[in-house]
Colleague: 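Pasting a structure below so you can have a look.
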Amino acid sequence: EIKSRKSIAWTYPNDSLSCPRVATRMLWGLTGRKIGFKGLWPWAYMSPAGSPNSPYDGPYADFMLAYPEIDAPIDTVNFEEVRCGIDDGRYYDTALSMVKKLQANGSPDAVKAANTADAQLQAIMNEVTFTYLDAASMQHGRKNCLRWRTQLQDIVLTLNKALGNQ
C-alpha cells in the first residue's frame, strides 16, 4: 500500500530494542525494505528500566542499544543486529543500483546480467516475510538471514564484474 500511494514511510521501531535478535535484523533490513520503509529510528535510544549500568535491575527489559561506560559504550546484541540488518539492506540497495546501471547500458550482455540479478533479488524478496515478531517469521529469518546475505554479496560481486566489462 505504501508503494502504491508513492509515499515514504518512516517508523519508530522501539520494540526492536528489546525484541528477539532476528526480528531486529529483519525489520532494519530486508523486511523493512519489503514494507517500503525509507527510515527507521527508535525514539528511545537509551531508556533503562532501572540503572543505566545494569540490564537486570528494572521491572521490565531495558530499551537500550548501548550501555554507557567510561572508555566507550558497550553495544547490545540488538545494536549489532540493527547493524546486520542495515548491512543486509545496503547490499540489496547496492545490487538494485547496479542493476539499473547495467539496464541503462543497453548492451545485450549488460541487460542479460541485469535481468539475471533482478530475478535473483526478486527471489530473495519473495522469501522475506512482511511480519517479523511472530514465531514463524523469526524461525524463517533465523534459517535464512545468512543465506540471503551470502546471495546478496554474490549478486553484488557478479554485477561488479559485469560493470567492469562494460
Colleague: Please list, one pair per line, the donor and acceptor atoms closer than 3.5 Å that link side chains of residues 112-120 to other protein atoms, with sequence neighbours excluded.
Modeller:
unit_1: N115; atom_1: ND2; unit_2: V111; atom_2: O; d: 3.4
unit_1: T116; atom_1: OG1; unit_2: K112; atom_2: O; d: 2.9

Colleague: For residues 122-130, tabulate all N or O donor-acceptor pairs below 3.5 Å that involve a side-chain atom, not counting sequence neighbours.
Modeller:
unit_1: Q122; atom_1: NE2; unit_2: N126; atom_2: OD1; d: 2.9
unit_1: N126; atom_1: ND2; unit_2: Q122; atom_2: O; d: 3.3
unit_1: E127; atom_1: OE1; unit_2: R147; atom_2: NH1; d: 3.4
unit_1: E127; atom_1: OE1; unit_2: R147; atom_2: NH2; d: 2.4
unit_1: E127; atom_1: OE1; unit_2: W148; atom_2: NE1; d: 2.8
unit_1: T129; atom_1: OG1; unit_2: T131; atom_2: O; d: 2.7

Colleague: Out of curiosity, F79 CZ to C84 SG, how far, rounded to the nearest 0.5 Å?
Modeller: 11.0 Å
Colleague: For T158, which residues count as a side-chain contact (heavy atoms from CB on, under 4.5 Å) partner, sequence neighbours excluded?
Modeller: none
Colleague: Who are the side-chain contact (heavy atoms from CB on, under 4.5 Å) partners of T94, not counting sequence neighbours?
Modeller: M98, V156
Colleague: Closest approach of P73 and A66, non-hydrogen atoms and distance?
Modeller: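 Looks like CB-CB, 4.0 Å.
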Colleague: As an exercise, state the distance from NZ of K34 to CG of L27, rounded to the nearest 0.5 Å.
Modeller: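 One finds 14.0 Å between NZ of K34 and CG of L27.
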Colleague: If you group Ile, Leu, Val, Met, Phe, Trp and Tyr by side-chain heavy-atom gaps below 4.5 Å, do Y92 and L146 land in one group?
Modeller: no
Colleague: Give the minimum heavy-atom separation between C145 and M26, together with the two atoms involved.
Modeller: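 C145 and M26 have their closest heavy atoms at SG-SD, 3.4 Å.
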Colleague: Quick one: CG on N144 to OG1 on T150, what's the gap to the nearest 0.5 Å?
Modeller: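 Answer for the CG-OG1 pair, N144 versus T150, is 11.0 Å.
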Colleague: Run the side-chain hydrogen bond (donor to acceptor under 3.5 Å, both in side chains) test against Q153 and tell me which residues pass, sequence neighbours left out.
Modeller: Y91
Colleague: Which residues pass the salt bridge (charged side-chain N to carboxylate O under 4.0 Å, His left out) test with D87, sequence neighbours left out?
Modeller: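 In terms of salt bridge (charged side-chain N to carboxylate O under 4.0 Å, His left out), with neighbours along the sequence ignored, D87 is linked to R83, R90.
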Colleague: So, for A162 and L102, which heavy atoms are closest and what is the spacing to 0.1 Å?
Modeller: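 Of all heavy-atom pairs spanning A162 and L102, the closest is CB-CD1, 3.9 Å.
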Colleague: Listed by chain and number, what are the side-chain hydrogen bond (donor to acceptor under 3.5 Å, both in side chains) partners of R149, not counting sequence neighbours?
Modeller: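 Only D88 meet the side-chain hydrogen bond (donor to acceptor under 3.5 Å, both in side chains) criterion with R149.
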Colleague: With a sphere of 6.0 Å drawn around CD of Q139, does it hold more than 12 non-hydrogen atoms of other residues, nucleotides or ligands?
Modeller: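 At most 12 heavy atoms, drawn from other residues, nucleotides or ligands, come within 6.0 Å of this atom.
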Colleague: Using a 3.5 Å distance criterion without hydrogens, assess whether the side chain of D134 forms a donor-acceptor pair with backbone atoms of S137.
Modeller: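 Yes, D134 side chain to S137 backbone: donor-acceptor pair under 3.5 Å.
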Colleague: Kindly compute the distance separating NZ (K161) from CG (L163), expressed to the nearest 0.5 Å.
Modeller: 13.0 Å
Colleague: Determine whether the side chains of S107 and D109 contain a donor N or O and an acceptor N or O closer than 3.5 Å.
Modeller: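 Judged by distance alone, the side chains do not pair up.
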Colleague: Would a 4.5 Å heavy-atom cut-off, applied to side chains only, mark R33 and D93 as touching?
Modeller: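 Counting from C-beta outward, R33 and D93 do come under 4.5 Å.
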Colleague: Nearest 0.5 Å, what's the CG-OH distance between D75 and Y67?
Modeller: 12.0 Å
Colleague: In Å, rounded to the nearest 0.5 Å, how long is the span from CD1 of I155 to CG of L121?
Modeller: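 Here the interatomic distance stands at 4.5 Å.
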